[in-house]
Engineer: 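Pasting in a structure now, in structure tokens, and then I'll have a few things to ask.
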2 protein chains.
Amino acid sequence: MDDVDRTLLAALQHDATQSYAALAGQVRLSTGAVHERVRKLREQGVVRRTTVDVEPAAVGRGVLAFVLVEANAWMGDHPTRDALAALPEVMEAHVIAGPASLLVKIRVGTPEQLQASLRRLFQVEGVTGTQTVVVLESFFERPLDPYP
Amino acid sequence: MDDVDRTLLAALQHDATQSYAALAGQVRLSTGAVHERVRKLREQGVVRRTTVDVEPAAVGRGVLAFVLVEANAWMGDHPTRDALAALPEVMEAHVIAGPASLLVKIRVGTPEQLQASLRRLFQVEGVTGTQTVVVLESFFERPLDPYP
DNA sequence: TATGAAATTCACTCCGT
DNA sequence: ACGGAGTGAATTTCATA
């Protein structure tokens with residue numbers, strides 16, 4: 001993991017469709033060398049996968065909310081994880097230190113669907129309360145800057 | 001935007017490196033037809049870009065926190081946005097309805113860097129307080145499911 | 001680990017339907 | 001909108017240093 005790798009990661013995050021030749025130009029290396037470096041970054045798990053970024057509103061998921069979930073028992077275990085993973089509107093789920101047990105990020109299409117989602121959250125074993133933060137506008141959501 | 005497009009979006013989110021021939025097989029269409037559909041999804045902005053998913057811990061950003069930012073003035077304007085965008089550790093910034101004005105997602109390397117980041121947040125014009133939620137473990141972070 | 005070139009596969013375009 | 005074929009460009013592999 002040197003500066004060349006970090007430059008490659010930044011370039012790939014910005015546009016993963018560019019050719020190895022284009023990447024090679026940015027780091028002054030041959031295409032073969034860049035190919036090998038990217039292969040290793042994938043192999044090591046530094047690059048987890050190549051994806052596309054989908055506009056949420058275009059697929060009927062224009063409502064974003066964060067929910068703090070309170071519980072009467074320890075929720076940092078896998079049954080909880082699986083219960084949350086079964087809800088497709090839950091984009092992220094984190095075990096937290098602070099005023100609640102879990103923090104989940106939810107994307108739905110309408111306020112009614114948000115209400116329905118909260119109802120489902122309450123049905124998860126151990127959940128005793130929720131505090132919902134509704135997003136009015138997202139300033140930005142951006143990829144990780146690989147520079148320390 | 002029909003079921004074929006949604007299937008293509010899901011497939012591309014799972015692995016954007018696969019060939020058009022492989023995508024075509026999943027939707028029982030020719031490579032030419034798939035190529036045209038994906039081109040239109042990009043053109044319409046449904047697909048915003050193609051990126052790589054980088055493991056945060058591998059680039060020295062293993063500490064995740066969410067911060068509720070309280071303010072003494074309306075913060076839903078662009079000077080605020082720009083001030084937050086200037087902080088590379090801020091991954092997301094949202095204007096919210098609820099107990100605070102903004103919600104930001106932060107990735108840093110160490111608890112010390114988190115402290116330094118909070119100090120910088122306080123220096124943003126109008127900020128009067130923060131409530132920090134530190135993530136102990138992330139259950140999952142996943143892409144948008146394009147099915148309604 | 002890098003280079004440069006060879007071999008193979010793929011993206012992209014065009015045209016017919 | 002879809003299918004199929006053709007062409008140029010890309011990925012991928014390999015020999016060499």
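Chain letters run A, B, ... following the sequence lines, proteins first, then strands; residues in each count from 1.
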Engineer: Would you call A:Asp15 and B:Arg49 a salt bridge, taking side-chain N to carboxylate O under 4.0 Å as the test?
Structural biologist: no
Engineer: Looking at the side chain of B:Leu29, which of D:dG3, D:dA1, C:dA2 is the nearest nucleotide?
Structural biologist: D:dG3
Engineer: Salt bridge (Lys or Arg N to Asp or Glu O under 4.0 Å) for A:Glu92 and A:Arg107? Distances and angles first, verdict last.
Structural biologist: CA-CA 10 Å; A:Glu92 304 180 15; A:Arg107 282 196 193 274; over 6 Å; no
Engineer: Kindly give the atom pairs (protein nitrogen or oxygen, nucleotide nitrogen or oxygen) under 3.5 Å for nucleotides 14-17 of chain D.
Structural biologist:
none

Engineer: If we count only N and O atoms by modelled type, under 3.5 Å, do the side chains of B:Gln13 and A:Thr51 hold a donor and an acceptor together?
Structural biologist: no
Engineer: For a quick check under 3.5 Å, do B:Gln18 and B:Gln26 share a side-chain donor-acceptor pair by atom type?
Structural biologist: yes
Engineer: Using both pair distances under 3.5 Å as the test, note the stems of at least 3 consecutive Watson-Crick or G-U pairs that include DNA chain C.
Structural biologist: C:1-6 with D:12-17, C:8-11 with D:7-10, C:13-17 with D:1-5
Engineer: Could you tell me how far C:dG16 sits from D:dG8 if I compare only their C1' atoms? Round to whole Å.
Structural biologist: 22 Å
Engineer: For the pair made of NZ in B:Lys40 and C1' in D:dA1, what is the distance, rounded to whole Å?
Structural biologist: 7 Å
Engineer: Counting only side-chain N and O atoms of B:Arg37, is one of them less than 4.0 Å from OP1 or OP2 of D:dC2?
Structural biologist: yes
Engineer: Under the criterion salt bridge (Lys or Arg N to Asp or Glu O under 4.0 Å), I'd like the reasoning laid out for A:Glu43 against A:Lys40: C-alpha separation, chi angles, the key distance, then a yes or no.
Structural biologist: CA-CA 5 Å; A:Glu43 185 189 68; A:Lys40 282 182 182 165; over 6 Å; no
Engineer: Is a side-chain donor or acceptor of A:Arg61 paired with a backbone partner of B:Asp145 at a separation under 3.5 angstrom?
Structural biologist: yes
Engineer: Between atom CD in B:Glu36 and atom P in C:dG16, what is the gap in whole Å?
Structural biologist: 18 Å
Engineer: Say whether B:Thr50 and B:Arg42, considering side chains only, have a donor N or O and an acceptor N or O under 3.5 Å apart.
Structural biologist: yes
Engineer: So how far is it from A:Thr132 OG1 to A:Phe66 CZ, rounded to the nearest 0.5 Å?
Structural biologist: 12.0 Å
Engineer: Report, one pair per line, the protein and nucleotides 7-11 of chain D atoms (nitrogen or oxygen only) whose separation is under 3.5 Å.
Structural biologist:
unit_1 : atom_1 : unit_2  : atom_2 : d
D:dT11 : OP1    : A:Tyr20 : N      : 3.2
D:dT11 : OP2    : A:Tyr20 : N      : 3.0

Engineer: Would you kindly say whether A:Glu89 and A:Ser117 are connected by a side-chain donor-acceptor distance under 3.5 Å?
Structural biologist: yes
Engineer: Are the charged groups of A:Arg142 and A:Asp53 less than 4.0 angstrom apart, N to O?
Structural biologist: no
Engineer: May I ask you to decide whether B:Glu141 forms a salt bridge with A:Arg48, counting only side-chain N to carboxylate O separations under 4.0 Å?
Structural biologist: no
